[in-house]
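What follows is one structure encoded as structure tokens, with my remarks underneath.
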Amino acid sequence: MNSDHHVILRVVSKMLLPIIVMFAFYTQFHGDFGPGGGFQAGIIIAVGVILYALIAGVPAAMRAVPPAFTRSLAAIGVMVYAGVGYWAMLKGGNYLEYQALFNEPPGEHHGQHIGIMVIELGVLFGVSGAMLTIFYAFAGRVAEIRDKDW
Amino acid sequence: MTGVLEGDIGIALVNILLLTVLFVVAIAIARLRNLFAIVMLSGIYSLVSATWYVVVDAVDVAFTEAAVGAGMSTVVLLGAMLLTSRTAKPDKKFARLGPLLVVIATGVMLIYASVDLPALGDPNSPVNQGVGLTYMQINWADTGIPNVVTSVLGSYRGFDTLGETTVVFLAGLAVALLLGFGERSLAESIRREGNLPDRNAASGAEAGKEEDAS
Amino acid sequence: MLEFILERANYWAIIGLMMIGLYITFASGNLIKRLVGLSLFQTSVCLFYVTLGKVAGGTAPILYGEDAVEHGGGHGADAAHHATGVTGGHALGNASAPVELVHTYSNVLPHVLMLTAIVVGVATLSVGLALIVRIREAYGSIESDEVREIDLEMALAQEAEIDQWLNEAGA
């Protein structure tokens, strides 16, 4: 990975990385008004880390985003999602009934907005964590991806 | 009744063009033996079908297909290809005949069944009159979220999405249990820093362990 | 007749794509190619669902214009809101009354179903690929006929071993 002919690729990708992650967050939080949501944003964040792994090597990516962190992130995502359901139950509603989160009458949309935002965050964590775990499992199996393999 | 004929002629042309490209890519996948080319073509197939989703108004699906199909699944397929082999064995000539007959019979039956389907774009078809239309009509008063896909995904079908997230999590877990969490690559980096002895010795020991395990 | 064909040409094209995916799954012995065929088949099923939900003259299912009037501060301004506020009665668990939409939108339900199906599809695809990687490590091959031969040889060897052991035990 130290060969010089990748230098343009490395520099350009390094510039692209923050933009990719920012686009993922735009996708996440603009999902209420346009196309997008937790699934897409999770995949885009995972792809950003995968791009980093491709240009800097998998060990470097594993130091930046450790595998232990990604698999906990996947579990946390599912728990956040399920937790919203229990939050609604604690407030006296049914499981995942966002209207009950703040005990609102119909027509008030605060609970719906907050509820959907939190479960989309859960989906984001779950999907990005699971996808990165899958990528590390496959990429960690080969010692290093050599140039001739691409 | 005149669903597709009423619409824009440009849209119809784009429709035909994209479906033709999909056909060409699919047939190329069926005929090729180089796995690298097959994986790349499946990425192209996903990207073209994402474009086609935009033509039929499914922007969220298009976004997902472009991110998942063209990005993630290509990466995973490439990772698996690097770990296994680069080319497929050629098929035996007569072995193609049976699958071909089965597939043609299935296709003819499906086309025969599709004669009963409502016309493309018919607003009065059972598909477009049922619960989908109701979601569109009650969504704004219920949730106040303009993107109906998000509100149906998160609110009306929240249980469904919880299940899907759990499935994705479990799939990640299953892959990690089958392949490990990437320790080999970490071992490589530790060895390079000088904490582990010679590479050949290390990989030899690893291979020996594997044989014992299997 | 031409109209009839044009109205269903999309379905037939998608059925054709589906059948190519099915053919790849059936005919190829290579396991990775087989999974690619399966994902082709899955994408075609998604295409079929989404094309059924298309409404002529419709747009993407994102409410705009008169269908999504912002209600500044209060909620009485919007007729639909007002109605639900009055008829709602109990605070929780009431669906609002359907309102007529001004614009035409495509059907939202197939989009939601296929969106989640695609994400789950890549998750299951990676589980399948992980299994293939393990098969390769155990058998040294990912061609299904070679794997079957090795399996047969192993079974025969085990049978022979058992026979030998039985003979020895009997003697």
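Just so it is clear: chains get the letters A, B, ... in the order the sequence lines come, proteins before strands, and each one is counted from 1.
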Revision key, fill the gap. Under 4.5 Å to a heavy atom of chain B? For C:D67 that would be backbone
Review point. With only heavy atoms counted, which part of B:L170 is less than 4.5 Å from chain C, the side chain, the backbone, both or neither?
Key: neither
Point to revise | Structural part of C:F48 lying under 4.5 Å from a heavy atom of chain B | key: side chain
Review point. Measuring heavy-atom distances to chain B, does C:V133 have an atom under 4.5 Å in its side chain, in its backbone, in both, or in neither?
Key: both
Practice item. Can you tell which part of C:L125 gets under 4.5 Å to a heavy atom of chain B, answering side chain, backbone, both or neither? Key: side chain
Study note, to complete from the structure: Contact list (residues 67-75 of chain B to chain C, heavy-atom gap under 4.5 Å, by number) returns B:V68, B:M72, B:S73
Check your understanding: Which pair of non-hydrogen atoms, one from B:D57 and one from C:H111, has the smallest distance, and what is that distance?
Key -> O-CE1, 3.5 Å
Check your understanding: Taking C-beta and beyond as the side chain, do C:R134 and B:L179 meet within less than 4.5 Å on heavy atoms?
Key -> yes
Review point. Looking only at heavy atoms, which two atoms of C:L52 and B:V127 are closest? And how far apart?
Key: O-CG1, 4.1 Å
Exercise for review: Answer with side chain, backbone, both or neither: which region of B:T87 has an atom nearer than 4.5 Å to a non-hydrogen atom of chain C?
Suggested key: backbone
Check your understanding: Under a 4.5 Å heavy-atom cut-off, does chain C meet the side chain of B:A26, its backbone, both or neither?
Key -> both
**Study point:** Residue part contacting chain B, namely of C:Y23, when any heavy atom lies under 4.5 Å
**Key:** both
Check your understanding: Is it the side chain or the backbone of C:I15 that comes within 4.5 Å of chain B heavy atoms, both, or neither?
Key -> side chain
Review point. In terms of heavy-atom proximity below 4.5 Å to chain C, should B:N124 be classed as side chain, backbone, both, or neither?
Key: neither
Review point. Non-hydrogen atoms of chain B under 4.5 Å away: do they reach the side chain of C:Y64, the backbone, both or neither?
Key: neither
Practice item. Locate the shortest heavy-atom distance separating C:W12 from B:S114; write the atom from each residue and the value. Key: NE1-OG, 2.6 Å
Revision key, fill the gap. When the 4.5 angstrom heavy-atom criterion is applied to C:L17 and chain B, the contacting part is both
Review point. Side chain, backbone, both or neither: which part of C:I24 has a non-hydrogen atom closer than 4.5 Å to chain B?
Key: side chain
Point to revise | Donor + acceptor pair across side chains of C:S44, B:Y45 (<3.5 Å) | key: yes
Check your understanding: Which answer fits C:T51, side chain, backbone, both or neither, if we ask what part of it has an atom under 4.5 Å from a heavy atom of chain B?
Key -> both
Practice item. Measure distances from C:L131 to the heavy atoms of chain B and classify the residue's part below 4.5 Å as side chain, backbone, both or neither. Key: both
**Study point:** B:R96 side chain vs C:A27 backbone, donor-acceptor pair below 3.5 Å
**Key:** no
Check your understanding: Which bit of B:L100 is near chain C, if near means a heavy-atom gap under 4.5 Å: side chain, backbone, both or neither?
Key -> both
**Study point:** Atom group of B:F23 that falls short of 4.5 Å from chain C, counting heavy atoms
**Key:** both
Point to revise | Contacting moiety of B:V102, where chain C heavy atoms sit under 4.5 Å | key: side chain
Point to revise | Interface moiety of C:L35 toward chain B, non-hydrogen atoms closer than 4.5 Å | key: neither
